[in-house]
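Let me begin by presenting the structure, written as structure tokens, before commenting on it.
This structure is a prediction, so every number in the text was calculated from the model and none was measured.
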Amino acid sequence: MKAGVIVYPGSNCDRDAFYALKLSGFKPYFVSTKDNLDDFELVILPGGFSYGDYLRPGAVSARESSNVKKFAENGGLVLGICNGFQILVEMGLLPGGLLQNKNGKFICETVELEVVNNETPFTLMYKKGEVIKLPIAHGFGRYVIDKQPNVVFKYKEDVNGSDQNIAGIINGNILGMMPHPERAVEKIMGSDDGIKLFKSLYEYIRGGKK
């Protein structure tokens, strides 16, 4: 199964995502926004600081990602992590907004999350209500609601001021989340709770449910 990791100028979690995909059984490729994505089963928009977060985080990248938007609108599975989540919101593929953390500072730590919805292609291998540990690393991760989203992950505690402690949301085939599952795929990394997200996608696609 082919999965593409979009590499923007300023991406810094592309290799982590590549490794997580490979560990889960995917055949991963680094791709650009100019590449044709039609042959891919999954596309990941990784974390980082695309275009240095000029204007707003993700704003520039969103405007050059027409192939990603076309892929998503055609039903392709898209996962946006951290800066990838910001890009998907800027593209209008996910609702709401991502503003500066309430303390005005960059936050880098491992936090606890609750799996609110385990009936998505991204979370099939989790239990509903399961508490998992994933790293966060962001300055603009405070999620604000404009209309009630379909929530998949919530922080167990208020870590950045997000409305309703929301950490990840879904819109059909598109998931955006601020925590980094690709940085928690082996126990040596402090947690392997993220690997089940990638394996969920692999099993979902392998089962012909794409």
When rounded to the nearest 0.5 Å, the distance separating CG of Asn12 from CG of Asn83 is 8.5 Å
With distance as the sole test, does Asn150 use its side chain to make a donor-acceptor pair with the main-chain N or O of Ile169 at under 3.5 Å?
no
How long is the span from the CD1 atom in Ile6 to the CZ atom in Phe71, to the nearest 0.5 Å?
9.0 Å
Tell me, please, which residues at least two apart from Ser162 pass side chain to side chain donor-acceptor pair (under 3.5 Å).
Asn160
Linking I/L/V/M/F/W/Y whenever their side-chain heavy atoms sit closer than 4.5 Å, directly or via other members, would Phe85 and Tyr51 fall into one cluster?
no
Should the pair Asp163-Arg142 be classified as a salt bridge under the 4.0 Å nitrogen-to-oxygen rule?
no
Do Glu73 and Lys70 meet the salt-bridge criterion of a basic N to acidic O distance under 4.0 Å?
no
Using the side-chain contact (heavy atoms from CB on, under 4.5 Å) rule, take Ile81 and Leu79 through it: C-alpha gap first, then chi angles, then the decisive distance, then the call.
CA-CA 6 Å; Ile81 304 168; Leu79 169 62; 3.9 Å; yes
Walk me through whether Ser66 and Thr33 qualify under side-chain contact (heavy atoms from CB on, under 4.5 Å).
CA-CA 7 Å; Ser66 58; Thr33 56; over 6 Å; no
In short, Ala72 meets Ile174 closest at the heavy-atom pair CB-CD1, 3.8 Å
salt_bridge(Lys128, Glu119) N-O dist < 4.0 Å:
no
May I ask you to say whether Lys133 pairs ionically with Asp193, meaning some side-chain N is under 4.0 Å from a carboxylate O?
no
Using distance alone, with no hydrogens and no angle criterion, decide if Thr123 and Asn118 have a side-chain donor and acceptor under 3.5 Å apart.
no
If you define the side chain from C-beta out and look only at heavy atoms, does anything of Glu182 sit under 4.5 Å from Pro46?
no
Hey, what do you get for OG (Ser11) to CZ (Phe30), rounding to the nearest 0.5 Å?
10.0 Å
Salt bridge (Lys or Arg N to Asp or Glu O under 4.0 Å) between Glu130 and Lys196: does it pass, once the steps are laid out?
CA-CA 12 Å; Glu130 183 176 348; Lys196 286 197 282 188; 2.9 Å; yes
Side chains of Glu186 and Tyr19 only: does a donor on one sit below 3.5 Å from an acceptor on the other?
yes
Consider only side-chain heavy atoms of I, L, V, M, F, W and Y, link residues closer than 4.5 Å, and tell whether Met177 and Phe140 are in one cluster.
no
So does Glu109 have more than 12 non-hydrogen atoms from other groups sitting under 6.0 Å from CD?
yes
Measure from NZ or CZ of Lys2 to the centre of the six-membered ring of Phe26, then state whether that distance is under 6.0 Å and the direction lies within 45° of the axis.
no
Nearest heavy atoms of Gly97 and Val89, plus distance in Å:
CA-CG1, 4.0 Å
Cationic N near anionic O, under 4.0 Å, Glu112 to Lys154:
no
Answer yes or no: is there a donor N or O on one side and an acceptor on the other, between the side chain of Ser200 and the main chain of Met125, under 3.5 Å?
yes
Looking only at heavy atoms, what is the nearest atom pair of Asn36 and Phe40, with distance?
O-CE1, 3.9 Å
Any donor and acceptor pair, going by atom type alone, linking the side chain of Asn101 with main-chain N or O of His138 inside 3.5 Å?
yes
Using the rule given for side-chain contact (heavy atoms from CB on, under 4.5 Å), can you reason through Val115 versus Phe153, listing the C-alpha separation, both sets of side-chain angles and the distance that settles it, and then say yes or no?
CA-CA 5 Å; Val115 180; Phe153 297 109; 3.9 Å; yes
Residues Glu64 and Tyr8: side-chain donor-acceptor under 3.5 angstrom
no
Less than 4.5 Å apart, side chain to side chain, heavy atoms only: is that true for Val5 and Leu21?
yes
Joint cluster assignment, Leu99 & Leu88, ILVMFWY side-chain distance < 4.5 Å
no
Heavy-atom count around Tyr54 OH within 6.0 Å, excluding the residue itself: above 12?
no
The reported gap from OH in Tyr202 to CD in Glu41 (rounded to nearest 0.5 angstrom) is 10.5 Å
Contact check, side chains of Thr110 and Ser191, non-hydrogen atoms, under 4.5 Å
no
Minimum heavy-atom separation for Ala184 to Leu134, with atom names?
CB-CD2, 3.7 Å
Please determine whether residues Met1 and Tyr29 belong to a single hydrophobic cluster, defined as Ile, Leu, Val, Met, Phe, Trp and Tyr linked transitively by side-chain heavy-atom distances below 4.5 Å.
yes
How many angstroms lie between atom CG of Leu45 and atom CD1 of Ile87, to the nearest 0.5 angstrom?
5.0 Å
So, for Leu93 and Asn171, which heavy atoms are closest and what is the spacing to 0.1 Å?
O-ND2, 3.0 Å
Using side-chain contact (heavy atoms from CB on, under 4.5 Å), reason through Val159 and Ile136 one step at a time and then give a plain yes or no.
CA-CA 10 Å; Val159 300; Ile136 58 170; 4.1 Å; yes
Here the pair of heavy atoms bringing Pro95 nearest to Lys147 is CB-CE, 4.0 Å
Spacing of CG belonging to Leu197 relative to CG belonging to Leu175, to within rounding of 0.5 Å:
6.5 Å
